[in-house]
Amino acid sequence: LPIALHSFLYRKAASAAGLPTFVLVGPSGAGKTAFTMLTERGTVPTTHTSTAPLSIEALLPDPHIPASSNYRSPGDPAFERARRFIILDTPGHGKLRSYSTNTLADPKNVRGIIFVVDAAAIDEEAGLNEAAEYLHDVLLSLQKRYTDAKTSKGPKEIPVLVAANKMDLFTALPATSVKSKLEKAISAVRNNRAKALRDAGAKLSGEDDVDEEKEWLGEGGEGSFDFDQMREIGTTVDVVGGNVSQGRNAGDVAGWWSWIGEQL
Ligand code: GDP
């Protein structure tokens, strides 16, 4: 992890003054920056693909309500405070990706993870595999965080929203298909990784110092992976469709706002 990135994050975290933070991750081109801009300004500018992390402060828009202040009314200072949050947009590209998995290892104010994926790209093998590998790594880092935790209570659970974006495109798959395709592809990632570990272990002349079990996402056994297996480690995974943009206008991400509201 480049030091500059580290200190950037540190400064951002300090200025965020403890507000609940949602980390945006996902493959490059999925719409993370577009969503960040929409959150900040309520309009969609043309974005360039993100190469550096970006943190913005946001307000949960009407009519969405922070779950913690259900019973309060707009205008009430506690209600207004509860609507505030931080969106941390992370670069989705190649090597920079490890930076976001590292952030998750020390999630002081992290209230949730939003994995943005292009629902049209999921229909192609390359797009599906890239998303599945990335999501696998994010979930595995949450699992390790959970199993490595020293406290008997376990760390605070971190929910994951898979934001299936670009639903305005006619090639976009519906959220239910995005979910099942990702689960199936993550099963394959899991098997491939385990095989690679075994092969590497065999090369170490019988000395097996990789803990395979630790690297295995979700339930053991022959079965396939599904997102419900993450409940065991306190993580719910919801797949919700949306589109940040609609032509040159803002699209519809109400489902994502309400998910964010449930975490606030
Ligand atoms: P990032 O790399 O994940 O930050 O992706 P960007 O936010 O840079 O978006 C990549 C491209 O997808 C840009 O050209 C956006 O305008 C476009 N885009 C983002 N959201 C949508 C959407 O909901 N629908 C469509 N059709 N295009 C979108």
Side-chain angles (χ1 to χ4, degrees), residues 2 5 8-9 12 21-58 61 64 85-104 110 112-124 126-139 160-179 181-182 185 237-260:
L5 223 49
F8 175 89
L9 259 186
K12 281 299 178 190
T21 298
F22 294 87
V23 183
L24 286 190
V25 294
S28 185
K32 295 181 295 299
T33 307
F35 179 57
T36 307
M37 298 304 172
L38 175 71
T39 305
E40 184 171 36
R41 305 202 188 106
T43 59
V44 199
T46 49
T47 70
H48 57 95
T49 295
S50 43
T51 52
L54 168 71
S55 153
I56 59 125
E57 195 183 319
H64 303 282
F85 61 94
I86 299 284
I87 288 274
L88 184 63
D89 180 14
T90 73
H93 193 69
K95 285 180 199 152
L96 285 172
R97 207 171 91 173
S98 66
Y99 135 85
S100 42
T101 2
N102 285 343
T103 320
L104 305 182
V110 175
I113 292 166
I114 302 177
F115 186 89
V116 185
V117 69
D118 178 336
I122 287 291
D123 204 21
E124 289 154 28
L128 174 61
N129 289 341
E130 189 192 1
E133 282 193 18
Y134 196 163
L135 185 53
H136 170 277
D137 293 354
V138 168
L139 295 176
V160 175
L161 170 68
V162 176
N165 190 27
K166 308 198 187 181
M167 286 298 171
D168 57 304
L169 300 178
F170 78 99
T171 46
L173 296 176
T176 48
S177 310
V178 170
K179 177 172 185 282
K181 286 214 171 220
L182 281 174
V237 182
D238 291 304
V239 184
V240 180
N243 54 296
V244 175
S245 58
Q246 184 83 51
R248 304 179 126 254
N249 303 315
D252 176 8
V253 294
W256 306 353
W257 294 137
S258 66
W259 183 88
I260 290 174

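Ligands are counted one by one from 1 in listed order, and the atoms in each one are counted from 1 as well. Everything numeric here is computed off the predicted structure, so don't read it as measured data.
Aromatic rings of Phe22 and Trp257 (six-membered ring for Trp) have centroids beyond the 6.0 Å cut-off, not under it.
Heavy-atom distances between Gly29 and ligand 1 reach below 4.0 Å in at least one pair. Assignment of Pro27 to the shell around ligand 1 is supported, since a heavy atom sits closer than 4.0 Å. Using a non-hydrogen distance threshold of 4.0 Å, Asp168 registers as a contact of ligand 1.
Residue contacts with ligand 1: Gly31 is placed with a nitrogen or oxygen under 3.5 Å of a nitrogen or oxygen of the ligand (distance criterion only). On a distance-only criterion, Asp89 and ligand 1 share no N/O pair closer than 3.5 Å. Backbone and side-chain nitrogen or oxygen atoms of Lys32 are examined, and one is located within less than 3.5 angstrom of a nitrogen or oxygen of ligand 1. Taking any N or O of Leu169, backbone or side chain, none lies under 3.5 Å from an N or O belonging to ligand 1.
Residue contacts with ligand 1, taken as heavy atom pairs separated by less than 4.0 Å, involve Val244 via backbone and side-chain atoms alike.
Numbered from 1 in the order shown, with element, the atoms of ligand 1 that lie under 4.0 Å from a heavy atom of Ala34 read 7 (O), 19 (C). Proximity to Asn243 (heavy-atom distance under 4.0 Å) selects the following atoms of ligand 1: 23 (O).
A salt bridge is absent between Lys32 and Asp89; no separation between the charged side-chain nitrogens and carboxylate oxygens falls under 4.0 Å.
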